[in-house]
Amino acid sequence: MLNACDKFSFIKKQDEQDINTVVDFSSVDTYPSFKICDSLINKEEKYQCFSSTFYQVLNSELQKHSFEAKDSIDEIIKVVFLINSTGNIEVEDIISSEIIQNQLPKLDSVIKHSVINLPKIYPAIKRGVFVTTKHNLHIRVKLKE
């Protein structure tokens, strides 16, 4: 016979601590980077190196193509791209005027293809974890008749 249930006392232990931490998801600890930017320690200098390298490589790729337009064009397009947590880059959107879309219909595909030739990208880091980041790149399209 077991008749001793009142002899045991069950107390819930509270070993769990409340975590009251605010995480700012609008910024990262380390921006995405290329290998040539690794020697830089300053966060802003490293980002400037990343941005300028990205722009230079993309610009040199775009210069390999010739574009012709019926009318003069001097506009800025916006390229939105994602760098995921493994360092892969994807063009999410290309925002351009109707004029550019009509006169330079292949520009979007050339930009998307040019991104493939970028050097290996090291993803951004937030709290020691690789994270996906979204970036905007503005490209000035200037063509004369």
Side-chain angles (χ1 to χ4, degrees), residues 5 7-145:
C5 288
K7 302 278 187 214
F8 297 106
S9 65
F10 295 98
I11 300 172
K12 184 177 177 182
K13 290 185 179 181
Q14 282 203 302
D15 290 339
E16 298 176 15
Q17 294 179 336
D18 289 335
I19 299 175
N20 190 12
T21 304
V22 177
V23 178
D24 180 8
F25 289 104
S26 65
S27 69
V28 292
D29 300 333
T30 305
Y31 289 112
S33 180
F34 294 110
K35 185 173 179 92
I36 62 170
C37 305
D38 279 350
S39 62
L40 299 171
I41 296 172
N42 181 289
K43 184 178 176 179
E44 294 304 318
E45 288 177 0
K46 199 168 202 167
Y47 183 70
Q48 289 300 322
C49 176
F50 170 76
S51 296
S52 64
T53 303
F54 190 98
Y55 177 76
Q56 288 171 357
V57 172
L58 192 59
N59 187 41
S60 68
E61 288 296 318
L62 291 174
Q63 293 295 329
K64 293 177 184 177
H65 301 275
S66 62
F67 297 99
E68 293 182 15
K70 292 184 277 182
D71 302 318
S72 294
I73 298 175
D74 188 3
E75 295 191 27
I76 295 177
I77 63 171
K78 179 179 172 182
V79 181
V80 181
F81 60 95
L82 295 174
I83 300 173
N84 72 13
S85 59
T86 59
N88 293 324
I89 187 167
E90 174 188 331
V91 175
E92 185 178 78
D93 196 10
I94 299 174
I95 302 164
S96 59
S97 70
E98 193 173 312
I99 295 168
I100 290 181
Q101 292 172 9
N102 290 335
Q103 291 196 31
L104 304 172
K106 294 182 181 180
L107 182 61
D108 286 9
S109 62
V110 169
I111 290 172
K112 288 176 182 177
H113 186 266
S114 297
V115 167
I116 294 170
N117 293 324
L118 287 167
K120 179 174 173 39
I121 298 174
Y122 299 99
I125 298 173
K126 179 72 174 184
R127 293 185 150 197
V129 178
F130 295 124
V131 293
T132 298
T133 52
K134 182 185 279 191
H135 303 271
N136 298 318
L137 177 69
H138 295 89
I139 301 174
R140 185 175 197 174
V141 178
K142 190 172 186 176
L143 297 172
K144 295 181 180 178
E145 297 183 54

Go through L143 and L104 one step at a time and tell me if the side chain to side chain contact (heavy atoms under 4.5 Å, CB included) criterion holds.
-> CA-CA 10 Å; L143 297 172; L104 304 172; 3.7 Å; yes
All heavy atoms of A124 vs all of V28, minimum pair found to be CB-CG1, 4.0 Å
More than 12 heavy atoms from other groups under 6.0 Å of NZ on K78 | no
Report yes or no: is the cationic atom of K120 (NZ for Lys, CZ for Arg) under 6.0 Å from the centre of the six-membered ring of Y122, at an angle within 45° of the ring normal?
-> yes
Under 3.5 Å: donor-acceptor pair, side chain of N102, backbone of E98 | yes
So NE2 of H65 and OG of S109: to nearest 0.5 Å the spacing works out to 8.5 Å
Can you tell me how far CD1 of I94 sits from CD1 of I77, rounded to the nearest 0.5 angstrom?
-> 6.0 Å
Does the side chain of I125 reach to within under 4.5 Å of the side chain of V131, using non-hydrogen atoms?
-> no
Here the ring pair (Phe, Tyr, Trp, His ring centres under 6.0 Å) pairs for residues 83-108, sequence neighbours left out, are none
For S96, does its backbone N or O pair with a side-chain atom of Q101 as donor and acceptor, under 3.5 Å?
-> yes
Flag for Q103-D71: side-chain donor and acceptor within less than 3.5 Å = yes
Would you please indicate if the ring centroids of F54 and F81 are separated by under 6.0 Å?
-> yes
Test item: E90 and N84 side chains (from C-beta on) under 4.5 Å apart, heavy atoms = no
Run the side chain to side chain contact (heavy atoms under 4.5 Å, CB included) check on L62 and I139 step by step: do they pass?
-> CA-CA 10 Å; L62 291 174; I139 301 174; 4.3 Å; yes
Side-chain (T53) to main-chain (F50) donor-acceptor, under 3.5 angstrom = no
Separation between NZ (K126) and OG (S27), nearest 0.5 Å, reads 3.5 Å
Answer yes or no: is there a donor N or O on one side and an acceptor on the other, between the side chain of D29 and the main chain of R127, under 3.5 Å?
-> yes
Would you name the heavy atoms of T86 and P123 that are closest together and state the gap between them?
-> C-CG, 4.3 Å
Under 6.0 Å from the CZ atom of F67, do we count more than 12 heavy atoms belonging to anything else shown?
-> yes
Taking C-beta and beyond as the side chain, do S51 and Y47 meet within less than 4.5 Å on heavy atoms?
-> yes
From CA spacing to verdict: side chain to side chain contact (heavy atoms under 4.5 Å, CB included), I100, V141 | CA-CA 9 Å; I100 290 181; V141 178; 4.2 Å; yes
Audit row: L82, I89, side chain to side chain contact (heavy atoms under 4.5 Å, CB included) steps and yes/no = CA-CA 6 Å; L82 295 174; I89 187 167; over 6 Å; no
Tell me which donor-acceptor pairs under 3.5 Å the side chains of residues 30-40 have, and how far apart each pair is, sequence neighbours excluded?
none

Passes salt bridge (Lys or Arg N to Asp or Glu O under 4.0 Å), R140 versus E75? Steps please.
-> CA-CA 6 Å; R140 185 175 197 174; E75 295 191 27; over 6 Å; no
Inspect the surroundings of NE2 in H113 and state if more than 12 heavy atoms from other residues, nucleotides or ligands are less than 6.0 Å away.
-> no
For L58 against I111, the heavy-atom pair lying closest together | CD1-O, 4.3 Å
Considering non-hydrogen atoms only, spot the tightest contact between T133 and H135 and give its length.
-> OG1-NE2, 2.8 Å
